[in-house]
Amino acid sequence: MSLFEEVRKRRTFAIISHPDAGKTTLTEKFLLYGGALQLAGSVSAKKKQRQVTSDWMDLERQRGISISSTVLNFSYNGYIINLLDTPGHQDFSEDTYRTLMAADSVIMLIDNAKGVETQTRKLFEVCRMRKIPVVTFINKMDRFGKEPLGLLDEIEQHFGIKTYPFNWPIGEGEFFKGVYDRIHKTIHLFEKTEHGKYKAPMQVSSLNDEKVRELLPGELYSQLVEELEILDIAGSEYSHDTYLDGDLTPVFFGSAMTNFGIEQFLNHFLELAPAPQSKKCRVNGLVHPADDGFSGFIFKIQANMDPNHRDCIAFLRICSGSFERNMAVEHPKTGKTVRLNYSHKLFGQDRETIDQAFAGDIIGFSYNKEPLSIGDTLSIKPCQYEMIPPFPPEMFALVRNKNPDKFKQFTKGIRQLALEGVIQVLHFEDDLGQTGMILGAVGQLQFEVFQYRLQTEYNIEIELNFMPEYTHARWIHGPAEKIETMYWQYSAKKVTDSHDRLMALFQGEWSIDYMQEKNPDIEFLKVPPTDT
């Protein structure tokens, strides 16, 4: 098979949602219909059943939320799927942002009862900023919620885009019977299975079939016909180009818990979603996925995923060409050659050796010595993809090691977790010349994950003293001579990040404005400057 054909059959996408919208459940049902799961909630691997979901960390299972993004790779109906499962909680939005950099398209999951929620809006704005096409799945139709037409209007009003329902729900709550496929003009009536563990049996028919009229109560049938007429008359027309441009979202209704509508949704989505797209390289413009030369970028680093391995995995999105195990590639940031010996196909916490992969695929590779970071490019030909900037932290805490005799483990753990982006480490020097470390995070849960992983992976206990007076952080950029003599407000704290870039912590927007007024030649940036 040619490189072009290999690329064309790949789909690399992420699922975004507000917490509790059913993202992990939908992910599992995709795996169920894709054949990677024999039973929802378990995975078939190495000839035995193992209890697993995309949430591989013990803390995730304890809290019932996704904390770290994961990759699930499987085949379905001739497609090679790279599914990026992202954290829904707002405290981990930075991890989600990095993961979206590796996606070609996105599924936006919305709770039927709650509609568009805060975190959904934030993540959609990231998709809009990156021009990622979005397909919407309205979940939990097996529960009573908002009117479907009202949900479409809510999406259009909040996001400023058009909607086009590819299917339409037949009833809701306990009266949810199935969906009508507007593209194929077919009705899909479902039967419930035990807790949605198995594929939902269904009957496929047409709207005018007498059997359908017998199976559906009169009011439900009449309501369906009436709402379909409204959509045909007043609804938007579908344009694939408009969807790819991010100005229209195809909408699907269903229930991940009961499996109602999941198979139809997956089939439609894989047809709609774009194959791997060209990426902008800062050296030589657009790089097409079917170009011969291998290139890719690291969007995630994770240590200790499997206690049996205790290694560090770099997650790499292949942007062009083909990958072969043991190949040597260039690391433009350091100018060194990196040999990709220990390459893996990823499935949550599980991994298996992979010998070949193509543009669009997500692979993991183990490394121990190379100084790799999130955002680094690896390539055969000269190329450097756009950097992945960190978010400015909004919460801060002084960190103290409770076990001074374990200083080596403490520094190793701090360095590794900062490298992964679990937390940001800021260094400072006080008036007496004493140095210290401040942890910066977007949300409270990041501190909890940091503390949990230091204890479980490095056997280190820490004490955190929070600094609620500081609420903003900015990177400082400008001519060296101006920075050397710049005015510092008494309430602003001077720190450096893990890359030795100068930053300031502020107690509010007013403090930033005052510093800017006093230092007109200095920039106070929300993302690090690209020329440092």
Side-chain angles (χ1 to χ4, degrees), residues 6-7 9-14 27 30-31 34-37 43-48 50 52-57 60 66 68-76 79-86 95 98-99 101-103 276 294-329 331 337-380 416 419-421 457:
E6 288 284 2
V7 170
K9 67 180 184 180
R10 275 155 171 79
R11 297 293 183 271
T12 304
F13 62 93
T27 299
F30 277 1
L31 300 177
L37 286 177
V43 97
S44 179
K46 298 180 182 179
K47 299 183 180 180
K48 63 180 180 179
R50 298 174 59 187
V52 71
T53 68
S54 54
D55 296 333
W56 56 269
M57 200 185 300
E60 292 177 300
S66 294
S68 177
S69 57
T70 55
V71 178
L72 299 159
N73 181 285
F74 61 101
S75 302
Y76 174 75
Y79 294 98
I80 305 298
I81 296 172
N82 295 279
L83 195 164
L84 300 161
D85 187 27
T86 62
D95 188 31
R98 292 192 291 259
T99 302
M101 296 286 284
F294 165 86
S295 68
F297 64 89
I298 296 169
F299 67 93
K300 179 180 176 65
I301 290 175
Q302 184 78 57
N304 308 321
M305 285 182 67
D306 188 338
N308 296 324
H309 291 278
R310 305 294 293 180
D311 57 0
C312 196
I313 298 285
F315 291 65
L316 183 132
R317 157 67 195 247
I318 303 176
C319 298
S320 67
S322 60
F323 162 85
E324 293 183 3
R325 188 159 63 96
N326 296 326
M327 72 188 304
V329 297
H331 184 209
T337 299
V338 177
R339 185 166 291 278
L340 305 180
N341 295 325
Y342 305 104
S343 50
H344 313 288
K345 174 182 176 182
L346 300 165
F347 193 89
Q349 185 181 9
D350 292 332
R351 62 178 89 168
E352 63 180 69
T353 300
I354 188 170
D355 294 317
Q356 190 174 37
F358 299 90
D361 283 336
I362 306 294
I363 63 169
F365 61 91
S366 306
Y367 73 97
N368 291 309
K369 297 180 181 179
E370 297 86 356
L372 301 177
S373 303
I374 291 172
D376 285 0
T377 297
L378 298 177
S379 62
I380 294 291
Q416 178 59 44
L419 181 68
E420 294 179 24
E457 297 172 21

Those residues at least two apart in sequence (or on a different chain) that pass side chain to side chain donor-acceptor pair (under 3.5 Å) with D355 are R325
For the side chain of T12 and the backbone of G360, is there at least one donor-acceptor N/O pair under 3.5 Å apart?
-> yes
When every non-hydrogen atom of A359 is compared with those of V7, the smallest separation belongs to CB-CG2, 3.9 Å
side-chain contact (heavy atoms from CB on, under 4.5 Å) between F323 and D361, worked out:
CA-CA 9 Å; F323 162 85; D361 283 336; over 6 Å; no
Side-chain heavy-atom pair S373, I298 within 4.5 angstrom cut-off | no
Across all chains, not counting sequence neighbours, the salt bridge (Lys or Arg N to Asp or Glu O under 4.0 Å) partners of E6 are K9, R10
Taking atom CD of E324 as the centre, does the number of heavy atoms from other residues, nucleotides or ligands within less than 6.0 Å exceed 12? no
Checking L378, I313, I354 against F365 for side-chain contact (heavy atoms from CB on, under 4.5 Å), the one that qualifies is L378
d(H344 NE2, L316 CG) to nearest 0.5 Å is 12.5 Å
Check step by step if side-chain contact (heavy atoms from CB on, under 4.5 Å) holds for F358 and I318.
CA-CA 7 Å; F358 299 90; I318 303 176; over 6 Å; no
Looking only at heavy atoms, the pair that brings F297 and A102 closest together is CZ-CA, 4.0 Å
Practice prompt. Please indicate whether Y342 has more than 12 foreign heavy atoms, meaning atoms of other residues, nucleotides or ligands, lying under 6.0 Å from its OH.
Written response: no
Heavy-atom nearest pair, S322 first then M327, reads O-CE, 4.1 Å
Heavy-atom nearest pair, P276 first then R317, reads CB-NH2, 3.6 Å
Here the gap from S320 atom OG to F294 atom CZ, rounded to the nearest 0.5 Å, amounts to 7.5 Å
Separation between OG (S295) and CD1 (I380), nearest 0.5 Å, reads 9.5 Å
SG of C312 to CG of L372, rounded to nearest 0.5 Å, is 8.5 Å
*For the pair I362 and N73, evaluate side-chain contact (heavy atoms from CB on, under 4.5 Å) and give the outcome as yes or no after the intermediate values.*
CA-CA 8 Å; I362 306 294; N73 181 285; over 6 Å; no
Rounded to the nearest 0.5 angstrom, the OG-CG distance for S366 and N341 is 10.0 Å
Rounding to 0.5 Å, atoms CE (M101) and CZ (F299) come to a distance of 11.0 Å
For R98 and G421, the nearest pair of non-hydrogen atoms, with its separation, is NH2-O, 3.5 Å
Residues at least two apart in sequence or cross-chain that pass side chain to side chain donor-acceptor pair (under 3.5 Å) with E420, listed by chain then number, are Q302, Q416, R453
Closest heavy-atom pair, L84 versus V71, reported as atoms and distance to 0.1 Å, is CD2-CG2, 3.6 Å
Quiz item: Checking side-chain contact (heavy atoms from CB on, under 4.5 Å) for the pair L83/F74: CA distance, chi angles, key distance, verdict?
Solution: CA-CA 8 Å; L83 195 164; F74 61 101; 4.3 Å; yes
